[in-house]
Structure formats: structure tokens, C-alpha cells
Amino acid sequence: MTRAVLVTGGAGYIGAHACKALRNAGFLPVTFDNLSTGWRDAVRFGPLVQGDLFDRAALDAAFAEYRPVAVMHFAALSLVGEAMRDPGKYWRANVLGSLNLIEAAVEAGCLDVVFSSTCATYGDQDGVVLDEDTPQRPINSYGKSKRAIEDMLADFGASHGLRAVIFRYFNVAGADPEGEVGEFHQPETHLIPLMLDAIDGKRPALTVFGTDYPTPDGTCIRDYVHVSDLADAHVLGVNWLLDGQGSRVFCLGTGSGFSVREVIEQSRHVTNRDVPLVYGERRAGDAVALVSGSARARTELGWQPKRSNMRDMIGDAWRWHQTGGFKS
Ligand code: UDP
């Protein structure tokens, strides 16, 4: 029988790519999603259970029906700007939603969880090499809520034998190279899709948030990872747990930082089009630079990123962008 994996947030950007990778690896990805930010059209690789993490009965029913061997937990609110304006929304959705899920999983005897955490749990530590042992000092409620869930998973590990692979992602970009799924947020807040909107006239311009950061060109630096490479890491994470290798934290980044201006410059090359720009204020909650300094995912999990270079990430995103995204 095909082994099921319950994928919360499977209708979202990263979750949908993970579902494709799971399907390709022979698992049945069962999406559990309330479709508040996800898309029905993104659920293409397995069944959809439309449900909310606050609905314990719906969670219990999904565990009972599909008997998943593991959970991948993506469902979350993830926007730094929104988290700064409305922290309560982040604590409620992310922390309480995860608590419900973890309790339901433990009760169902499903003790292997792959969790989407973030480099935003490190906060602003310019000049520090960020790896799994770096102290976490989040500076916004998004990062704080994710760190709290990491702590929650550790507590349920100690008390109930829960095993968790925690992935701290750096910046996720690109789209499925076969064009089946891609990034489509409404409203959009991320750099690359906004830049592509500005390039093809869907928006008047891209606003660069701050040009006075202490970086070589004054703009923030981020480490961008291709979403399909990230999805591959998640399948490796499930297999790691099912092989009995136990709880582990992995950073998922390339180790190369790109400034906002460098990303813009690369997109000019890839699309052969100009990017209309406006220079604006810093965005509250943004760290100066976030770049992974870890090789653990490569050495221990055997993760080999294939498309995490700026040319492929922008090229795949550009092709997906031109399809117009999901309809429903
Ligand atoms: N950014 C920008 N203009 C935008 C959106 C983002 O200059 O319209 C910058 C942002 O300040 C950050 C980088 O691009 O330095 C990546 O931001 P994004 O929102 O894509 O991801 P985050 O780093 O917040 O996860």
C-alpha cells in the first residue's frame, strides 16, 4: 500500500512542491489545508482534505482515514511585515494551530514530523555564520512563533517520543521546472514575484526596501533556495525519520548571499527586460543579512540542490509567472 504523508499547507507554495516530490518518491501526499492562502488548483498530486488546524475533529478524521506514516507541517502565516503589525494573529495561527496538530498526531500514533521553520528564528546577527548551533534571537513575531513551535516539538519529543526533522529555510524562490505549480500569493509580498510583476507591467514598479543597510550596495542580503530543491530535502527528511534516525535540525540554504540589487540585476539578464524601480524606506522587521553557513543537510541528509542558482530560480519563476498563476 502507498504510504501516506499528511501535508498541512499542501495547497500553498512550498507545500505543493513538496507534494509533487512526495508523489514522485512513491508516497501519497494528503493535503490538509483551509485554503485561506492556498489554492485548490495547486493540489494536483494527491487528495485534498479541506480543514483548519483549529478543527481538532477534522484533524482526527484525516489521521483516521489516511493513517499517515508522517506529517509535513507547512501551514502557517509567514509574512514579516504582517507579523509586525498583528503579532496576535501570528501567535494564534502558528503556535496554537501547531499545538492542535501535534496533539492530534501524537494521539493517532503518528510520531514523525517534518517541520518548516525559518532563518527568521535567528534574527539580526550580521557577520555571524548561521548554522544549526547559532543561538536563535528572532526579531519579529513570525520568527518568534516558529521558534516556539521548535520548542514545542522538542517537548513532545521528550514526553511522547515525537521525532522531528526541523528545516530552517532561507529564502525560497523559483517554481516547478515542469510548470505544474509555482508561487502565487494574494496579496504578493515577496521580492521575486513582485519584481516579475513590475517587469511585465502588472505593477508600476518594484519598491526597494532600504538602500542604507550596512552591506556593500546598501540593500539587504538573502540566501535564495529553489523551491524544488527544498521539496527534495523534505522527502529526504521523511525518509530520515522513517529510517529511525531521530530528531535533527537542518538549515536549508546555499551559503551564497544575494543583495536585493543583485537579484534585480540578475532578472534583467534572465528576462532581457528592464525593472521599473522606486527606492523606499526599510521594511520593519527585516534583518540585514541572512545567509546559511551550514553543510549539514548535504553531509548528513545527502541533499544536493540542483537548481538553486539565481538564473534557474528567476527563469523558472518567470516561466510560471507568464502562465498567470492559479485560478481558484
Ligand atoms: N524586498 C524589497 N521589496 C519588496 C519586497 C521585498 O526590497 O517589494 C526585500 C526585502 O526587504 C528583503 C528581500 O527583498 O530584504 C526579500 O524579501 P521577501 O519578502 O521576498 O522575503 P523575506 O526575506 O521577508 O522572507
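Just so you know, these numbers come straight off a predicted model, no measurement behind them. Numbering of ligands and ligand atoms starts at 1, following listing order.
A salt bridge is defined here as a Lys NZ or Arg NE, NH1 or NH2 lying under 4.0 Å from an Asp or Glu carboxylate O, and Arg203 with Glu188 fails to meet this definition. Between Lys306 and Asp229 there is no salt bridge, since none of the side-chain N atoms of the basic residue sits less than 4.0 Å from a carboxylate O of the acidic one.
Below 4.0 Å from some heavy atom of Leu194 lie the following atoms of ligand 1, by number and element: 8 (O). Taking every heavy atom of Val208 and a limit of under 4.0 angstrom, the matching atoms of ligand 1 come to 7 (O). Each of the atoms 18 (P), 19 (O), 20 (O), 21 (O) of ligand 1 lies under 4.0 Å from some heavy atom of His190.
Taking each of Ile192, Thr118, Thr207 in turn, the one with a heavy atom nearest to atom 3 (N) of ligand 1 proves to be Thr207. In this structure, of Tyr279, Tyr213, Phe209, the residue bringing a heavy atom nearest to atom 7 (O) of ligand 1 is Phe209.
Contacts between Arg282 and ligand 1, counted as non-hydrogen atom pairs separated by less than 4.0 Å, are absent for every part of the residue.
Gln245 and Glu300 share no side-chain donor-acceptor pair at under 3.5 Å. Under 3.5 Å, the side chains of Ser228 and His17 contain no donor-acceptor pair of N or O atoms.
For atom 21 (O) of ligand 1, the nearest protein heavy atom (residue, atom name, distance) is Asn171 ND2, 3.1 Å.
The residue from Leu252, Thr118, Val249 that alone fulfils the side-chain contact (heavy atoms from CB on, under 4.5 Å) condition with Arg168 is Val249.
Using a 4.0 angstrom heavy-atom cutoff, Tyr224 counts as in contact with ligand 1.
Of all the heavy atoms in Gly246 and Leu241, the pair that sits closest is O-CD2, 3.9 Å.
Where the criterion is an N or O separation shorter than 3.5 Å, residue side chain and backbone included, Leu191 meets it with respect to ligand 1.
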